[in-house]
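One structure is given here, and the rest of the page talks about it.
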Amino acid sequence: MTTSPALPKSRQQLILVILMSCSLLIWLDNTVLSATLETLADPVHGLGAGPGQLQWATGSYTLAFATLMFTAGTLGDRHGHRSVFSSGLVLFAGSSLWAAYASDASQLIAARAVMGVGSALITPAMLAILIWTFTGPARAAAIGIFSTSAGVGMAVGPVLAGALLDRFWWGSVFLINVPVAVSALVGLAVLVPHFRSPALRPLDPAGMVLSISGLVSLAYGLIRAGQVAAWSRTDVWAPIVVGLVLLAAFVLAELRAKVPSFDPRLLAQRTFGGGNVALGLLLFAVAAITFYNAFYLQGALGFSPTKAGLVNIPTALGAVAGAPFGSRLVRRLSLRLVTVPALTVAALTMGGYGFLGLHTPLVRIEILLLVQGLSVGMVIGPVTAALISNLPLEQAGAGSAVTNTVRQTGSVIGIAVGGTIMSIEYRRAVGPSLEGLPGPVRDQARVSAEQARHVATAVDRPTLSRAADDAFIHAMHVGAGWIAGIALVGAVVLLITLPAVGQKKVPAPESDHDEEATSSV
């Protein structure tokens with residue numbers, strides 16, 4: 001079967017609702033954890049997790065997400081996307097329960113990794129089902145609407161997490177995943193056909209082992225650098241080198257495979273490859289700056305979880321508005337003319353964190369977040385639609401897996417690098433303020449600003465708390481400069497790889513099914 005079956009438009013609408021709810025679930029999980037980082041670092045109300053453990057709590061999820069994505073796409077093409085989707089939802093719900101009742105940081109990290117496995121099974125299946133369900137112009141419209149779930153998740157997640165943290169214990173933020181997953185399972189069973197590719201692709205255990213081990217080794221080395229504040233140590237540079245070698249071997253192995261699960265050849269296509277690289281760099285920057293934002297609002301500024309969530313709403317509203325607005329501009333101008341300036345503005349807003357301080361007016365923070373969300377939405381929505389909507393049905397699972405693997409890999413490396421820069425710069429800045437303090441106090445304060453504030457309260461040293469805040473602000477400023485530079489590289493990639501003028505094509509006559517689908521969307 002090379003074309004998708006015609007479905008009634010009412011059924012298409014319901015399928016789109018199910019897919020958006022699951023996408024919302026994944027985005028909620030990302031945003032609620034960001035809002036919980038400050039609480040998890042608290043030795044009294046959380047788990048007393050250090051910066052490295054918090055990086056792994058976030059990174060283990062995205063690491064499993066990224067490395068298993070291409071395998072999940074293959075499983076969907078072989079065994080049916082609905083079956084793989086359902087398995088992912090079961091894993092996601094079960095591991096959410098585990099995370100909610102984790103007794104220490106190690107258990108939370110492990111539970112988050114299993115949640116990443118569930119998300120890896122869900123995401124390629126979502127996009128593949130979307131492609132199979134809609135055809136013609138309706139497909140691009142459906143992808144555009146589907147992409148707004150990211151903005152909704154960004155808006156609802158921090159506020160919901162803040163409300164839960166103010167009233168319940170931190171594990172409650174993971175329990176909200178369970179009823180959504182159960183509802184989606186019912187909807188899948190009732191409404192979604194058993195889509196699968198007619199061209200069965202073999203599993204790729206060698207590629208899976210190489211990709212997982214390579215990314216884990218690379219992430220470990222980057223995070224370890226932040227823990228020891230030195231890149232010259234063997235336990236820092238050796239894992240990084242090993243990770244890069246393993247990832248290079250993974251690419252070579254996939255290039256030699258007759259039917260690769262993760263097809264690097266797709267990235268060789270100028271527009272597809274350039275668009276994915278740019279998205280990866282953008283998600284690198286977004287993940288890193290979001291990591292900073294959580295500690296800035298709740299830690300340095302002392303906002304409650306609910307207030308921090310409300311402060312982040314402009315980012316989400318901007319993303320919700322940016323995706324459809326960018327898509328409309330692309331139809332009038334071109335993908336390059338819209339997304340290159342938007343990504344440049346996004347990079348500048350991330351660099352704008354270098355001008356935030358302990359006494360910055362809230363309105364300036366809100367404007368910065370609004371512009372950031374709007375510009376990021378104007379890039380992610382149109383670029384994702386352009387990359388995915390032109391994939392042939394036979395490559396729906398593989399192509400969407402490539403796109404999502406690149407994006408999640410960018411996220412996990414962004415968290416690792418951003419967190420490492422923050423840890424190293426914080427230790428350098430806070431060091432002079434720790435002279436003369438007792439050994440245990442000095443050691444705990446050097447771990448992170450959160451630990452320093454806690455020990456300052458315990459030993460009644462308010463000057464130590466102020467010094468930790470100043471050191472964190474310095475570290476955030478330095479990191480923001482690097483993050484903005486990475487995002488600007490993404491804008492340059494789009495400038496080089498995207499066509500200067502939108503391709504003008506003679507519109508083909510729509511079938512009745514296409515007209516109905518477009519109307520339903």
Side-chain angles (χ1 to χ4, degrees), residues 30 34 51 55 58 62 150 154 222 225-226 274-297 299-301 311-312 314-316 318-319 322 326 336 338-358 360-361 364-381 383 406-407 409-426 428-429 471-498:
N30 282 322
S34 298
Q55 285 173 270
T58 306
T62 50
M154 291 168 62
L222 292 172
N276 273 292
V277 170
L279 285 179
L281 294 172
L282 175 59
L283 268 294
F284 172 104
V286 168
I289 210 69
T290 301
F291 193 76
Y292 288 8
N293 183 60
F295 293 105
Y296 173 63
L297 295 179
L301 299 187
V311 168
N312 279 304
T315 306
R336 179 179 176 182
V338 173
T339 57
V340 172
L343 185 46
T344 302
V345 171
L348 294 177
T349 62
M350 294 169 188
Y353 275 71
F355 298 94
L356 300 181
L358 296 174
T360 302
R364 286 178 55 187
I365 300 173
E366 297 284 55
I367 292 173
L368 181 70
L369 295 177
L370 176 63
V371 176
Q372 180 178 304
L374 182 66
S375 55
V376 169
M378 290 178 64
V379 177
I380 292 180
V383 173
V406 171
R407 290 166 61 170
T409 300
S411 295
V412 70
I413 296 177
I415 293 167
V417 173
T420 294
I421 293 173
M422 184 174 70
S423 296
I424 291 175
E425 292 299 325
Y426 167 79
R428 289 176 179 172
F472 170 80
I473 294 297
H474 167 76
M476 183 178 72
H477 289 173
V478 174
W482 284 99
I483 294 166
I486 295 296
L488 283 174
V489 172
V492 173
V493 171
L494 285 181
L495 179 65
I496 295 173
T497 57
L498 294 183

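Numbering of residues begins at 1 and proceeds along the displayed sequence.
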Exercise for review: Given side chain to side chain contact (heavy atoms under 4.5 Å, CB included), test L374 with M378 step by step and report yes or no.
Suggested key: CA-CA 6 Å; L374 182 66; M378 290 178 64; 4.3 Å; yes

Exercise for review: Evaluate the side chain to side chain contact (heavy atoms under 4.5 Å, CB included) criterion for residues N312 and L297: first the C-alpha distance (whole Å), next the side-chain angles of each, then the deciding distance (0.1 Å), finally the verdict.
Suggested key: CA-CA 9 Å; N312 279 304; L297 295 179; 3.6 Å; yes

Point to revise | Working for side chain to side chain contact (heavy atoms under 4.5 Å, CB included), residues V286 and Q372 | key: CA-CA 9 Å; V286 168; Q372 180 178 304; 5.9 Å; no

Review point. Given the rule in the side chain to side chain contact (heavy atoms under 4.5 Å, CB included) test, do L494 and R336 qualify, once you have shown the distances and angles that lead to the verdict?
Key: CA-CA 7 Å; L494 285 181; R336 179 179 176 182; over 6 Å; no

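Here the side chains of W482 and V417 are not in contact, with every heavy-atom distance at 4.5 Å or above.
Distance check, rounded to the nearest 0.5 Å: CG of L282 to CG of L488 gives 11.0 Å. If you take CD1 on I380 and OG1 on T339, they are separated by 12.0 Å, rounding to the nearest 0.5 Å. Annotation: the span from R428 atom CZ to H474 atom NE2 amounts to 8.0 Å, rounded to 0.5 Å. How far CE of M476 is from CD1 of I289: 7.5 Å, rounded to the nearest 0.5 Å. Within the model, atoms CZ of F355 and CD1 of I365 stand 14.5 Å from one another, a figure rounded to the nearest 0.5 Å. With rounding to the nearest 0.5 Å, the separation of CG in L283 from CD1 in I413 is 11.5 Å.
Contact record, A480 with G354: CB-N, 3.8 Å, taken as the closest heavy-atom pair. Annotation for V376 and A346: closest pair CG2-CB, 4.0 Å, computed over non-hydrogen atoms. Listed here is the closest heavy atom pair of A342 and S375: O-CB, 3.3 Å. Looking at every heavy atom in both residues, G275 comes nearest to V383 through O-CG1, 4.0 Å. Nearest approach of A471 to Y426, heavy atoms of both residues: CB-CD1, 3.6 Å. Among all heavy-atom pairs drawn from A487 and A347, the shortest one is CB-CB, 3.5 Å.
Note on ring orientation: taking the six-membered ring where Trp is involved, the planes of F472 and Y296 are parallel (angle under 30°, cut-offs 30° and 60°).
Under the 3.5 Å distance criterion, the side-chain polar atoms of Y292 are matched with a main-chain donor or acceptor of G418. A side-chain donor-acceptor contact under 3.5 Å links T360 to the backbone of G357.
When each of L358, V478, L356 is paired with I473, the side-chain contact (heavy atoms from CB on, under 4.5 Å) condition holds for L358 and for no other.
The salt bridge (Lys or Arg N to Asp or Glu O under 4.0 Å) contacts involving residues 280-290 comprise nothing, where partners must be two or more places apart or lie in separate chains.
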